[in-house]
Amino acid sequence: MTDPCSAKGCQETATWALLWNNPKLHIPDRRKTWLACEEHRASLSDFLGARGFLKDVEPHS
């Protein structure tokens, strides 16, 4: 079984892990994960980045 992309309505296989946290809710070391396919990596990263939430992007296997 493969992990699907976190973009709304997307069922493509995730190839990227976007690690983030909301500093108003989470301790600094906590990382939540959104998964992204190649097509949605940039848009999901931009969404999190615009809010200051994105911490890292790593390959997902």
Side-chain angles (χ1 to χ4, degrees):
M1 185 170 169
T2 60
D3 297 318
C5 176
S6 297
K8 186 175 182 178
C10 184
Q11 293 300 308
E12 292 296 316
T13 298
T15 54
W16 296 100
L18 286 63
L19 307 177
W20 65 278
N21 82 357
N22 180 338
K24 292 181 181 178
L25 301 176
H26 306 125
I27 62 172
D29 293 341
R30 176 150 186 217
R31 294 295 182 264
K32 296 193 64 134
T33 303
W34 278 1
L35 299 176
C37 65
E38 194 64 43
E39 180 181 351
H40 292 112
R41 176 186 176 190
S43 61
L44 292 174
S45 293
D46 290 347
F47 179 88
L48 292 169
R51 289 152 181 79
F53 295 172
L54 187 63
K55 302 302 177 191
D56 202 6
V57 178
E58 301 175 347
H60 176 71
S61 55

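- For the atom pair CG (L18) and CG (L54), the distance works out to 5.5 Å, reported to the nearest 0.5 Å.
- Listed by chain and number, the residues in a side-chain contact (heavy atoms from CB on, under 4.5 Å) with D29 amount to none (sequence neighbours excluded).
- Applying the side-chain hydrogen bond (donor to acceptor under 3.5 Å, both in side chains) definition to pairs two or more places apart or across chains, those involving residues 46-60 are D3-H60.
- Put simply, CG on N21 and CZ on R31 are 5.0 Å apart, with the number rounded to the nearest 0.5 Å.
- Considering only residues two or more places apart in sequence or on other chains, Q11 meets the side-chain contact (heavy atoms from CB on, under 4.5 Å) condition with P4.
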Can you give me every donor-acceptor pair (side chain of residues 35-45, partner residue at least two apart or in another chain, under 3.5 Å) with its distance?
from, atom 1, to, atom 2, distance (Å)
E38, OE1, W16, NE1, 2.9
S43, OG, H40, O, 3.3
S45, OG, R41, O, 2.8

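- With sequence neighbours left out, the ring-ring contact (aromatic ring centres under 6.0 Å, His included) criterion links W34 to W20, F47.
- Atom-to-atom distance recorded for K32:NZ and L25:CG is 8.5 Å, nearest 0.5 angstrom.
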